[in-house]
Amino acid sequence: MQWTLVIPLKPLERAKSRLTATTGDMLRPGLALAFAQDTVAAAMACRAVRDVVVVTDDGLAGRELAALGARIIRDEPVGGLNAALAHGTGVVCTERPESAVAALNADLPALRPLELARVLDSAAQFPRSFLPDAAGIGTTLLSAAPGVELRPAFGAASRSRHTASGAVELPLDGVDSVRQDVDTGDDLRTALALGVGPRTATAAARLLIAD
């Protein structure tokens with residue numbers, strides 16, 4: 001099964017606000033962009049991925065991610081993360097009703113294409129499924145088979161909400177790079193230890209220099 005990944009991204013000035021204590025306001029937007037670039041680049045390199053759609057109103061992010069091969073869709077609802085995902089998947093499924101779609105976080109800078117392929121191959125067995133984040137509270141990926149509504153419920157405690165909605169939790173080990181989203185300084189240190197993509201590595205080096 002080939003997947004279309006839908007990745008939502010806030011305007012960079014507002015993205016990753018919980019990292020401010022670690023990065024400061026000057027470096028945080030650039031780091032958020034680097035996360036998204038490394039996430040999209042890894043996703044585009046995954047054998048199970050047909051294409052990547054990014055839902056964002058940020059002009060700079062849109063240009064940079066389009067240069068990596070992503071399709072950019074404007075966040076017309078401007079109603080938050082789940083509304084953006086519903087809009088993006090709606091566009092995809094209207095154009096290609098046969099598409100399998102998966103929502104993926106934009107803050108997975110250590111993402112490995114082979115690990116993502118394992119997750120998507122597992123997801124292909126279920127109408128709807130999800131992968132919890134490294135903290136075991138949130139969600140980094142939510143999938144829907146062709147003809148099945150995604151019904152995203154991201155946000156605080158999304159693991160329990162996706163379970164309650166009937167999505168199957170994927171029982172996978174060894175996919176740490178797909179679980180490790182970055183919201184805090186500790187998350188960033190963990191991602192760096194896993195090994196991040198080149199753009200995040202460069203942005204993190206600037207952070208260390210600034211410190």
Side-chain angles (χ1 to χ4, degrees), residues 3-20 22-24 26-73 81 84-85 88 102-120 131-135 138-142 154 174-210:
W3 295 82
T4 293
L5 301 187
V6 181
I7 300 176
L9 181 63
K10 289 180 181 179
L12 296 176
E13 288 301 320
R14 295 193 286 106
K16 300 288 100 185
S17 58
R18 291 169 59 192
L19 272 175
T20 302
T22 301
T23 65
M26 292 294 291
L27 296 178
R28 176 179 48 77
L31 200 59
L33 175 58
F35 294 167
Q37 290 174 300
D38 285 334
T39 300
V40 167
M44 295 290 297
C46 176
R47 60 166 174 77
V49 174
R50 175 179 178 175
D51 55 359
V52 174
V53 170
V54 176
V55 183
T56 187
D57 276 340
D58 191 284
L60 172 60
R63 291 190 297 274
E64 294 293 333
L65 298 175
L68 295 174
R71 175 185 177 185
I72 309 302
I73 294 177
L81 176 62
L85 284 170
L104 184 71
N105 287 11
D107 59 349
L108 301 171
L111 186 63
R112 303 284 190 271
L114 288 176
E115 292 185 13
L116 177 59
R118 282 191 59 213
V119 174
L120 293 172
L131 188 74
D133 65 9
T139 303
T140 57
L141 181 144
L142 174 69
F154 285 85
V175 290
D176 294 349
S177 75
V178 195
R179 295 183 188 273
Q180 189 56 63
D181 53 356
V182 177
D183 289 315
T184 68
D186 286 342
D187 293 337
L188 178 56
R189 284 184 279 273
T190 300
L192 290 169
L194 284 174
V196 296
R199 299 162 187 84
T200 301
T202 297
R206 294 194 195 100
L207 174 63
L208 293 174
I209 291 169

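The structure displayed is predicted, hence computed values, not measured ones.
Of all heavy-atom pairs between Ala43 and Leu111, the closest is N-CD2, 4.1 Å. Residues Ala110 and Ser177 approach most closely at O-CB, 3.1 Å, considering heavy atoms. The two residues Val40 and Ala70 make their nearest non-hydrogen contact at CG1-CB, 4.0 Å. Nearest heavy atoms, Pro113 versus Ala42: CG-O, 3.5 Å. The two residues Arg199 and Ala41 come nearest to each other via the heavy atoms NH1-CB, 4.1 Å. Residue Ile72 comes nearest to Gly62 through the heavy atom pair CG1-O, 3.5 Å, listed as atom of the first residue, atom of the second, then distance.
Side-chain contact between Leu33 and Glu64 is present, with at least one heavy-atom pair separated by less than 4.5 Å. With a 4.5 Å cut-off on side-chain heavy atoms, Leu104 and Trp3 do not count as touching. Side-chain contact between Arg71 and Val52 is absent, with no heavy-atom pair separated by less than 4.5 Å. Residues Leu31 and Arg28 are not in side-chain contact: their nearest non-hydrogen atoms beyond the backbone lie 4.5 Å or more apart. When side chains are defined from C-beta on, Leu116 counts as touching Leu141, because their heavy atoms get closer than 4.5 Å.
The CZ atom of Arg118 lies 10.0 Å from the CG atom of Leu131; values are rounded to the nearest 0.5 Å. Rounding to the nearest 0.5 angstrom, the gap separating the CG atom in Leu27 from the CZ atom in Arg206 is 8.5 Å. Distance check: Thr56 OG1 to Arg63 CZ gives 11.0 Å after rounding to the nearest 0.5 Å. With rounding to the nearest 0.5 angstrom, the CG atom of Asp57 is 13.5 Å from the NZ atom of Lys10. For the atom pair CD of Glu115 and SG of Cys46, the computed distance is 10.5 Å after rounding to the nearest 0.5 Å.
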ask   = Would Val53 and Ile7 count as a side chain to side chain contact (heavy atoms under 4.5 Å, CB included) if you check the C-alpha gap in whole Å, the side-chain angles of each, and the deciding distance to 0.1 Å?
value = CA-CA 6 Å; Val53 170; Ile7 300 176; over 6 Å; no
key: Pair Leu188-Leu207, side chain to side chain contact (heavy atoms under 4.5 Å, CB included): steps then yes or no   = CA-CA 11 Å; Leu188 178 56; Leu207 174 63; 4.0 Å; yes
task = Please report the C-alpha distance between Asn105 and Phe154 in whole Å, then the side-chain angles of each, then the deciding distance to 0.1 Å, and finally whether the side chain to side chain contact (heavy atoms under 4.5 Å, CB included) criterion is met.
result = CA-CA 10 Å; Asn105 287 11; Phe154 285 85; 3.7 Å; yes
request  = Any chance you could lay out the side-chain hydrogen bond (donor to acceptor under 3.5 Å, both in side chains) test for Thr190 and Asp187, step after step, and finish with the verdict?
outcome  = CA-CA 5 Å; Thr190 300; Asp187 293 337; 5.6 Å; no
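Heavy atoms of other residues, nucleotides or ligands lying less than 6.0 angstrom from CG of Leu60 number more than 12.
Listed for the Asp58 side chain is a donor-acceptor partner under 3.5 Å among the backbone atoms of Leu12. For the pair Thr39 (side chain) and Leu108 (backbone), a donor-acceptor distance under 3.5 Å is present. Within the 3.5 Å criterion, the main-chain N or O of Ser17 finds a donor-acceptor partner in the side chain of Thr20. Panel note: side chain Thr140, backbone Asp133; no donor-acceptor pair is recorded below 3.5 Å. No donor-acceptor pair closer than 3.5 Å links the side chain of Gln180 to the backbone N or O of Ala134. Panel note: side chain Asp38, backbone Thr200; a donor-acceptor pair is recorded below 3.5 Å.
Salt bridge Asp107/Lys16: present, at least one basic N to carboxylate O contact under 4.0 Å.
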